[in-house]
Enquirer: 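Before anything else, here's the structure in question.
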Amino acid sequence: MMMSRLFAALFAAFLIAPAAATDAELAKLARSPGTPDIPGLKIVWLAPWSDVRNAHPWRNIIVHQTEGPTGSARGGAAEQAKNPTRRGVTVWVETDGTVYWAVAENLVPTHGDGANRNDNKYIDNKPTYRQVVRDNSIGVEFAGNYPDVTAGPTEAQVAAWKILVKVLRARYDIPLDHVYAHNWIDYKDARYCEGCWLATLARTWGE
């Protein structure tokens with residue numbers, strides 16, 4: 001079941017994703033302030049962008065998945081906007097692909113577990129152990145892996161992610177190899193690998 005959803009999502013990202021801007025156009029939009037209209041993404045701006053020079057110096061992206069049903073990204077983002085530094089993330093992605101930018105980019109939500117994984121199970125953890133943490137990593141949360149936590153992202157989420165990861169990397173000048181799954185850097189729930197498929201896709205898509 002999980003693999004069929006994953007292959008369907010990958011197919012969607014490559015073949016039926018909404019029309020996106022060129023890389024140059026996307027990079028220009030990604031550096032702009034306010035609430036830019038980014039082709040291929042539906043963004044609900046709960047916290048507009050400021051001048052990017054005033055943003056927190058994000059150096060990494062951590063991909064999370066909620067154990068919540070459809071609608072949990074919308075609800076989680078709303079709660080995050082009310083209390084930005086609570087347990088959660090800056091960016092939330094609903095099952096229909098809607099992106100919620102919940103927190104001003106100069107604030108740091110509480111997410112991650114301190115980069116406590118050092119077993120090299122998924123990646124080389126020498127450069128991540130105690131180093132890829134909430135203070136230097138912007139978090140993206142994908143909703144919907146409930147009641148089956150092993151279920152992959154939806155087709156709409158993968159299509160949105162393909163554009164969103166480019167936007168985040170362009171805005172904050174984040175290298176491709178600094179996109180991490182939560183499970184890659186932290187010891188997490190053994191039932192599934194949180195964020196691993198989405199982080200792998202980002203690295204597979206490349207520049």
Enquirer: Is there a side-chain contact between Glu207 and Leu176, using heavy atoms and a 4.5 Å cut-off?
Expert: yes

Enquirer: Is a salt bridge present between Arg87 and Asp113, judged by a nitrogen-to-oxygen distance below 4.0 Å?
Expert: yes

Enquirer: How many angstroms lie between atom CG of Asn116 and atom OH of Tyr129, to the nearest 0.5 angstrom?
Expert: 7.5 Å

Enquirer: Provide the full list of side chain to side chain donor-acceptor pair (under 3.5 Å) pairs with a residue in residues 29-46, sequence neighbours left out, each pair given once.
Expert: none

Enquirer: On a heavy-atom basis, which atom in Ala160 and which in Gly97 lie closest, and how many Å separate them?
Expert: CB-O, 3.5 Å

Enquirer: Does Glu141 use its side chain to pair, donor to acceptor, with the backbone of Gln65 at less than 3.5 Å?
Expert: yes

Enquirer: Does the side chain of Glu105 reach to within under 4.5 Å of the side chain of Ser50, using non-hydrogen atoms?
Expert: yes

Enquirer: How about Ile62 and His182: do any of their side-chain heavy atoms sit closer than 4.5 Å?
Expert: yes

Enquirer: Could you tell me whether Asp124 and Lys126 have a side-chain N and a carboxylate O separated by less than 4.0 Å?
Expert: yes

Enquirer: Can you tell whether the side chains of Lys28 and Glu25 come within less than 4.0 Å, N to carboxylate O?
Expert: no

Enquirer: Going by heavy atoms in the side chains, are Val167 and Leu26 under 4.5 Å from each other?
Expert: yes

Enquirer: Where do Gly88 and Pro109 come nearest, in terms of heavy atoms and distance?
Expert: O-CB, 3.5 Å

Enquirer: Side-chain heavy atoms nearer than 4.5 Å, only ILVMFWY residues, links allowed to pass through others: does that put Trp197 and Tyr122 together?
Expert: no

Enquirer: Would you say Glu94 and Thr70 make side-chain contact, with heavy atoms under 4.5 Å?
Expert: yes

Enquirer: Does any part of the side chain of Trp161, heavy atoms only, come nearer than 4.5 Å to the side chain of Val93, both counted from C-beta?
Expert: no

Enquirer: With a 4.5 Å cut-off on side-chain heavy-atom distances among I, L, V, M, F, W and Y, is there a chain of contacts connecting Val140 to Val99?
Expert: yes

Enquirer: Is Asp119 paired with Lys121 through a side-chain N to carboxylate O contact shorter than 4.0 Å?
Expert: no

Enquirer: Looking at Asn183 and Gly195, would you say the former's side chain and the latter's main chain have a donor-acceptor pair under 3.5 Å?
Expert: no

Enquirer: Can you list every pair that meets ring pair (Phe, Tyr, Trp, His ring centres under 6.0 Å) and has a residue in residues 102-121, with sequence neighbours left out?
Expert: His64-His111

Enquirer: So which of Asn136, Asp177, Thr128 actually passes side chain to side chain donor-acceptor pair (under 3.5 Å) with Asn60?
Expert: Asn136

Enquirer: Once you round to the nearest 0.5 Å, how far does CD1 of Ile123 lie from CZ of Arg203?
Expert: 5.5 Å

Enquirer: So do the side chains of Thr200 and Trp184 get within less than 4.5 Å of each other, counting heavy atoms only?
Expert: yes

Enquirer: Determine, stepwise, if the pair Asn125 / Asn118 fulfils side chain to side chain donor-acceptor pair (under 3.5 Å).
Expert: CA-CA 5 Å; Asn125 289 125; Asn118 60 354; over 6 Å; no

Enquirer: Check the hydrophobic clustering (I, L, V, M, F, W, Y; side-chain heavy atoms under 4.5 Å; chains of links allowed) and say if Leu46 and Trp92 are grouped together.
Expert: yes

Enquirer: Determine whether more than 12 heavy atoms belonging to other residues, nucleotides or ligands lie under 6.0 Å from atom OH of Tyr187.
Expert: yes

Enquirer: Ser72: what forms a side-chain hydrogen bond (donor to acceptor under 3.5 Å, both in side chains) with it, not counting sequence neighbours?
Expert: none

Enquirer: Give me the atom names and distance for the closest heavy-atom approach of Tyr146 to Pro69.
Expert: CB-N, 3.8 Å

Enquirer: Quick check: are there more than 12 heavy atoms from other residues, nucleotides or ligands sitting under 6.0 Å from CZ of Arg59?
Expert: yes

Enquirer: For the backbone of Ala30 and the side chain of Arg171, can you confirm whether one donor and one acceptor N or O come within less than 3.5 Å of each other?
Expert: yes

Enquirer: Drop me the distance from Leu198's CG to Lys162's NZ, to the nearest 0.5 angstrom.
Expert: 13.5 Å

Enquirer: So which atom in Val179 and which in Ala202 form the shortest heavy-atom distance, rounded to 0.1 Å?
Expert: CG1-CB, 4.0 Å

Enquirer: Kindly assign one of parallel, tilted or perpendicular to the pair His56 and Trp58, based on the angle between their ring planes and the thresholds 30° and 60°.
Expert: tilted

Enquirer: What distance separates Arg169 CZ from Ile174 CD1, expressed to the nearest 0.5 Å?
Expert: 8.5 Å

Enquirer: Rounded to the nearest 0.5 Å, how far does CH2 of Trp101 lie from CG of Leu41?
Expert: 10.5 Å

Enquirer: I need the minimum non-hydrogen distance between Thr95 and Gly144, along with the two atoms involved.
Expert: CG2-CA, 3.8 Å

Enquirer: Treating Thr110 as the side-chain partner and Thr85 as the backbone partner, does any N or O pair qualify as donor plus acceptor under 3.5 Å?
Expert: yes

Enquirer: State, yes or no, whether a side-chain contact exists between Tyr100 and Arg74 at a heavy-atom distance under 4.5 Å.
Expert: yes

Enquirer: If you take all heavy atoms of Ala104 and Ala47, which pair is closest and at what distance?
Expert: N-CB, 3.4 Å

Enquirer: With rounding to the nearest 0.5 angstrom, report the OG1 to CG distance, Thr154 to Asp96.
Expert: 7.5 Å

Enquirer: Under the 3.5 angstrom rule, does the side chain of Gln80 hit a backbone N or O of Arg86 as a donor-acceptor pair?
Expert: yes

Enquirer: Please determine whether residues Ile138 and Val133 belong to a single hydrophobic cluster, defined as Ile, Leu, Val, Met, Phe, Trp and Tyr linked transitively by side-chain heavy-atom distances below 4.5 Å.
Expert: no

Enquirer: Val165, Val132: one ILVMFWY side-chain cluster at the under-4.5 Å cut-off?
Expert: no

